[in-house]
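Reading through the structure tokens given below for one structure.
Computed from a predicted model, the values in this text were never measured in an experiment. Chain identifiers are assigned alphabetically (A, B, ...) following the order of the sequence lines, protein sequences preceding nucleic acid strands; residue numbering begins at 1 within each chain.
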Amino acid sequence: MTDGPDISVKLGNLNLKNPVMTASGTFGYGKEFDSVIDLNRLGGIVVKGISLKPMPGNPPPRIVETPAGMLNAIGLANLGIDGFLKEKLPFLKTLDTKTIVNIYGHSIDEYAELAGVLKGVDGVDAVEINISCPNVDKGGLVFGKDPEVSARVTEAVAGNTDKPVIVKLTPNVSEITVLAKAVEQAGADCISLINTLTGMAIDIETGKPKLGNVSGGLSGPAIKPVALHMVYQAAKAVKIPVIGIGGIMTAEDAIEFLIAGASAVQVGTANFVNPKASIDIIDGLIKYCERKGIGSIQEITGSINVDK
Amino acid sequence: MTDGPDISVKLGNLNLKNPVMTASGTFGYGKEFDSVIDLNRLGGIVVKGISLKPMPGNPPPRIVETPAGMLNAIGLANLGIDGFLKEKLPFLKTLDTKTIVNIYGHSIDEYAELAGVLKGVDGVDAVEINISCPNVDKGGLVFGKDPEVSARVTEAVAGNTDKPVIVKLTPNVSEITVLAKAVEQAGADCISLINTLTGMAIDIETGKPKLGNVSGGLSGPAIKPVALHMVYQAAKAVKIPVIGIGGIMTAEDAIEFLIAGASAVQVGTANFVNPKASIDIIDGLIKYCERKGIGSIQEITGSINVDK
Amino acid sequence: MIEKLCKILSNNQVAPDTYLIRFSSPEIASEAVPGQFVMLRINEGFDPSLRRPFSICGVEGEDVVKILYKVVGKGTKGLTYKDAGDSISVLGPLGKGFSTPDPLKENFLVAGGIGIAPLLFLYQKNKSAKIHFLSGFRTSGEIIDPGTAGFDAEHMIATDDGSAGYDGRVTGLLAEKLEQYKPDDTCVYTCGPHPMLKAVRDECLKNNVPCQVSMETFMACGLGACQGCVVKSDLTAVKTPYLHVCKEGPVFDMNNIDWESK
Amino acid sequence: MIEKLCKILSNNQVAPDTYLIRFSSPEIASEAVPGQFVMLRINEGFDPSLRRPFSICGVEGEDVVKILYKVVGKGTKGLTYKDAGDSISVLGPLGKGFSTPDPLKENFLVAGGIGIAPLLFLYQKNKSAKIHFLSGFRTSGEIIDPGTAGFDAEHMIATDDGSAGYDGRVTGLLAEKLEQYKPDDTCVYTCGPHPMLKAVRDECLKNNVPCQVSMETFMACGLGACQGCVVKSDLTAVKTPYLHVCKEGPVFDMNNIDWESK
Ligand SMILES: Cc1cc2nc3c(=O)[nH]c(=O)nc-3n(C[C@H](O)[C@H](O)[C@H](O)COP(=O)(O)OP(=O)(O)OC[C@H]3O[C@@H](n4cnc5c(N)ncnc54)[C@H](O)[C@@H]3O)c2cc1C
Ligand SMILES: Cc1cc2nc3c(=O)[nH]c(=O)nc-3n(C[C@H](O)[C@H](O)[C@H](O)COP(=O)(O)OP(=O)(O)OC[C@H]3O[C@@H](n4cnc5c(N)ncnc54)[C@H](O)[C@@H]3O)c2cc1C
Ligand SMILES: Cc1cc2nc3c(=O)[nH]c(=O)nc-3n(C[C@H](O)[C@H](O)[C@H](O)COP(=O)(O)O)c2cc1C
Ligand SMILES: Cc1cc2nc3c(=O)[nH]c(=O)nc-3n(C[C@H](O)[C@H](O)[C@H](O)COP(=O)(O)O)c2cc1C
Ligand code: FES
Ligand code: FES
């Protein structure tokens, strides 16, 4: 076959060669997977969450496995924006894929400042805002749980950047649609969801939490049904493109998210289980389109049939 | 050994011979498991959710398996309170265990009416209020997502019953502690959590949701970390006893919930995987107490050690 | 009915993607009637976690129970990893089986693919009755030969592609056969994929022949507790809108099912 | 480094709860250095889902890689179900191994229980060096005999309960031996449970002997990407507060680790 299906996607003005990105925190800064897969095949790489200053992260243990999933409490350990630009971006720039920088701040000002530092930086194709972290100004309440605060973070970043802005939503809320609409109105070009569900595990011999940080974020196949439902709801609620995340291990999983309304997906925990997962998913998407006679993968987005 | 550990627990004025109940909707009306286990060994049986009138439930498919879990959209099918009292309660009364009636209404009045019907009824040891269902008066919004409405449902039931009132919380909220405190103040004698997380699954061949009802409730080991964390948070927030539910498959799981702050547990999806799960858990709790030299199981509740 | 760890005696491939597993359970072997099923726990982990339902396809002597299964997904795939000597957790026998064939009637057993399983047991238990065993497969390569599964059942075969036996669907073969007998003297027992069951039912309806159908749905408990396994009922025949396949079935009178829904 | 399905050549029990698995991987066999590890995917399902890390305990010829593992939970239990002929997904070799023993020095390999695994490989690759192989077990019944795993390593055994060899902990045996040599002429390589590593380190510190420790933590990626596998570093020796066991380790200079935290 000379003409395969067109699997490129447009997320506003961010064009990806295919809808498969790797999720923040699960793929380092790309380089870590260089010897296992051809990074140039990826639709995009979302790097580990970056803050203004370097952060050491949480005390160990930082991860614990759970049935069909894992809890992590890495504590957003990272080398800071300056370190990232100096040590990590140059390698990413050599790749034929998009680099999306996931950022987080401890205050709205920090988010704005981070956006400012990235303004005009060559090789950074989009900014993804992680709003699932504690807001120091509000006594540690998670930004993303409050639609209004989330909107203000979005505004602050959107007003200070020349890059497409993706807002990454937390699933630990009552109404994902309210949050999705709030950040859409505040200027998000795109939303991505879900971040991890909050969870914990206890060692019954010692009575201690299994994570050094007491609680952590649940990811992996266990959360896929929850993620899929939130993506379905969010995609109906907003007009901007939606990126589906949560427990995507196979092409079949990715297709479910596209059908539910996502325009692209991010692959997280799967990278640990199968370091080639993202490539396998891209291959699987192509096969699916071919088998179903789908000319462009964008046709799948939101094609869910809910007639009872 | 003549004197085993004391595994009885007190939930306010509801005394259970052990902390293990079977969760609503996963154990029918008890009778279904009669030939597989000795029902008299159970701490309690929470029956399938009962409404004023018989309800047919949702169109099939009603269940779909997911990694380490399942989605259900039974649609609260039940034979109605009158049918329950006539056809199901007599058998439950012959058992040496506690019967807890899980109730749900489509309006606050219906909840109150249900409580009224159960008032003084012999053989009903407690009422568990399921607030994870759509409120017809509020355009189908789930009662339990709104702390204020949840409080009013609690008041309506508590003011119209002579039984201990357990309020069963939905996990699909931003702050479980707000909900927990609201129903405590409104007169709940006890809270139980979690009900299922909302989720969905899609058949990629047909593009249709795998559940007749589009979305459903996720249960099983997949949700245990989320449930455990919410129980931990809720137990710190309220003074009334907490019943832990969510993905409890083994005695080890049950002990985690007790350590996190639960005074008792309910076993749900595990009954499908291992119909003897509840009995195995009771046996495991006894062994754990013996091995650890714990005289009364109540000592475990809330014994979590979070010194970092 | 029991829930027990049973010793596996053998677990061998008998046709493409099709295996026969034999395990020891005196309780089930003595109690089970054709059409009943068991729920098997596939593994110790929780993916998959729910038990899988399988019809009993036969018993041997006092304590051997046989299951014929086709690999369609991760549960059935997992089952193929079990070896003789391993143990497996079995819950059963469950559900309501076929009513016993009338020895004075012409009894048609109509199987579609792996749906042959419960009908083999029905055949085994009713050798003295007049049995016509018809089974349909997509193609000759997929034929499940009762002989390889240890049964002496003789069956008339239909293949959709005509590569063996009757050329066409098994319902075509059934139609031909039914013509030869009086409706009052005939009875049909069937199991197979849903569209095939519907076609058999249409044929029986047309010919005015009674028909018992073994249905399949997803199941969680198998005990009538979860209400997950329902099919829509025909409200002109049944009072409740849904029927529980695990408890009121899996075998139903064809008239009790709403064949238009689904 | 590769990620590939590798053919299993054998998987046999060699001591109580302890198995030796051999698989074919020319890439890993040629590339691996002692102390490096691989991540194995246990099964197709997702419970467990994360890969499990295992030290390479040896290679045979050009393409056989050997892992010695102890059953402690569902992952290692699942591994025992693999048979010769099955395939297993292997990622590796990963991490930084031991530095090569100085042929002019007295090299002490100190193993605790299953911690013997990477030290066997170190021994195998450095037969010309002066090696003292000490290994400790709780009791004689738990001794892992290198011979049964196909190694000719001779080791001095210590058992906590004195049921075989030296009566006491392996660190006691080490202390006795270290007395016989000058600190400058000695080097220690160790792997085992955390408390034992700490005791070995204390002994080395006391005797002023350099020591390389192979550490264990939970791991998700094994590639330095997730930052899940950290241990606290000794900030007087290292600039960053945490060290990644999968990338900067699993073998560390004892001085780089903060032994007071856990
Ligand atoms: C009462 C009863 C008796 C049965 N007897 C037999 C038997 O004797 N031999 C046999 O091989 N199978 C039998 N089945 C079907 C068997 O239970 C399923 O094939 C099995 O559960 C599939 O599990 P899996 O994990 O391999 O497939 P999954 O991964 O769960 O599913 C694979 C595919 O099969 C479909 N599927 C799964 N379960 C069912 C079901 N219950 N009905 C329809 N489609 C389904 C799924 O939609 C999916 O497309 C019976 C089912 C019932 C309800
Ligand atoms: C670099 C490295 C090399 C290793 N080499 C070997 C080896 O050669 N042979 C071998 O048998 N094992 C080795 N291990 C340990 C092995 O990875 C674990 O025993 C295994 O992952 C346990 O998996 P499981 O599912 O059986 O146990 P789980 O069910 O995950 O856990 C069972 C018990 O073991 C504990 N545990 C699990 N993993 C670890 C760990 N990484 N560190 C400490 N405690 C743990 C858990 O807390 C739990 O109490 C190595 C670990 C690392 C990090
Ligand atoms: C180890 C780990 C680290 C993560 N770090 C980040 C992060 O820094 N920023 C962020 O937005 N999300 C982070 N996430 C969340 C993932 O990007 C993703 O949203 C989540 O894991 C759900 O997807 P999955 O189930 O495919 O893993 C992290 C997840 C894991 C497992
Ligand atoms: C099939 C099914 C039916 C259920 N029906 C009810 C119900 O009627 N009322 C209710 O309060 N909870 C119901 N639940 C929720 C369970 O009681 C329990 O809260 C939930 O499943 C989480 O526990 P688990 O993971 O142990 O199953 C149902 C759950 C399942 C799986
Ligand atoms: S499978 Fe649970 S009621 Fe039928
Ligand atoms: S295991 Fe992922 S960084 Fe070490």
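Ranked by heavy-atom pairs under 4.5 Å with chain B, the first of C/K74, C/M219, C/Q227, C/M39 is C/Q227. Ranked by heavy-atom pairs shorter than 4.5 Å toward chain B, the options C/R52, C/K232, C/K247 are led by C/R52. Across C/P241, C/A220, C/G45, the residue that shares the most heavy-atom pairs under 4.5 angstrom with chain B is C/A220.
Residues B/K224 and C/F46 form no side-chain contact, since every pair of their non-hydrogen atoms from C-beta on lies 4.5 Å or further apart. The shortest distance between side-chain heavy atoms of B/P60 and C/F218 does not fall below 4.5 Å. Residues B/N72 and C/C226 have side chains not in contact (no heavy-atom distance under 4.5 Å, counting atoms from C-beta outward).
Proximity to chain C involves both the backbone and the side chain of B/V273, based on heavy atoms less than 4.5 angstrom apart. Proximity to chain C (any heavy atom under 4.5 Å) is restricted, for B/K48, to the side chain, taken from C-beta onward. When heavy atoms are compared at a cutoff of 4.5 Å, B/P67 approaches chain C by way of both its backbone and its side chain. C/I2 does not touch chain B: none of its heavy atoms, backbone or side chain, sits under 4.5 Å away.
Among all heavy-atom pairs drawn from B/R62 and C/G228, the shortest one is CB-O, 3.7 Å. When all heavy atoms of C/Y242 and B/G57 are compared, the closest pair comes out as CE1-O, 3.7 Å. Across all non-hydrogen atoms, the minimal contact from B/M70 to C/L50 is SD-CD2, 4.0 Å.
With hydrogens and angles disregarded, no donor-acceptor distance shorter than 3.5 Å links the side chain of C/R41 to the backbone of B/N274. In this structure, B/E65 contributes its side chain and C/S49 its backbone to a donor-acceptor pair below 3.5 Å.
Heavy-atom neighbours of B/K276 NZ from other residues, nucleotides or ligands within 6.0 Å: above the threshold of 12.
Atoms CZ and CG, on B/F27 and C/L223 in that order, are 9.0 Å from each other to the nearest 0.5 Å.
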